[in-house]
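Heads up, the thing below is written out as structure tokens.
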Amino acid sequence: MALDVEEIVARFERAVREHTPALAARDVLEELVADPAALERAVGTVTAGGIVPVHRADDLTILHVAWTPGMAINPHEHRMWAAIGMYGGQEDNSFYRRAAGGLEPSGGRELPAGDVLVLGDEVIHSVANSRREYAVALHVYGGDFFTVERSEWDPATHEERPRDLERTRRLFEEANTRWSARQK
Ligand SMILES: [Fe+2]
């Protein structure tokens with residue numbers, strides 16, 4: 001049977017019922033990104049950067065994410081575990097710690113296609129796509145990504161503010177406009 005969205009959701013629904021949901025989700029992601037062609041057929045080919053919800057429940061969110069080339073998203077937290085499975089391109093993660101007056105850098109990790117990264121509840125990260133192709137991934141969260149209150153930080157001043165999904169949507173729009181202008 002060909003892999004489809006229903007099957008992907010079913011696998012993660014089983015994973016979140018396991019004793020260690022984040023690690024079980026990581027295992028599912030590792031299987032999925034090992035066959036990027038099958039995953040792409042299931043979730044669809046990306047033609048623009050954006051975040052497409054695949055599944056949303058109180059204990060599980062699955063997003064199909066494509067970072068546009070040249071795009072950088074500001075530091076933010078999730079307040080729930082997250083697992084990222086890259087199946088095309090690469091995302092560059094930078095990590096931070098809370099510090100007096102904002103944040104301090106705390107290392108980073110390049111995530112090429114085929115890699116899976118698990119982030120604990122407390123992690124603060126920013127993501128950039130420095131390549132000339134979309135960075136495509138499934139992002140899986142141990143809660144409802146869209147309703148939990150959390151913070152983001154100004155990329156320049158590191159000032160903390162409430163997470164603003166509308167601002168994120170505009171970042172995608174601007175990056176997509178820039179990238180499509182460069183393709184002409
Ligand atoms: Fe994130």
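Predicted, not measured: the structure shown is a model, and the values here were computed from it. Order of appearance sets the numbers: ligands from 1, and atoms from 1 within every ligand.
The salt bridge (Lys or Arg N to Asp or Glu O under 4.0 Å) check on Arg167 picks up Glu152, Asp164, with sequence neighbours excluded. With sequence neighbours excluded, the residues satisfying side chain to side chain donor-acceptor pair (under 3.5 Å) with Glu166 are Arg169.
Taking distances strictly below 2.8 Å, the protein N/O/S atoms close to the Fe ion (ligand 1) are His76 NE2, His78 NE2, His125 NE2.
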Contacts under 3.5 angstrom, residues 36-47 side chains, donor-acceptor by atom type, not counting sequence neighbours:
unit_1: Glu40; atom_1: OE2; unit_2: Thr45; atom_2: OG1; d: 2.7

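Nearest heavy atoms, Ala72 versus Leu171: O-CD1, 4.0 Å.
Ring centroids of Phe145 and His139 are separated by 6.0 Å or more, keeping the two rings apart.
Salt-bridge formation is detected for the pair Glu7/Arg11: a Lys NZ or Arg NE/NH1/NH2 atom is positioned less than 4.0 Å from an Asp or Glu carboxylate oxygen.
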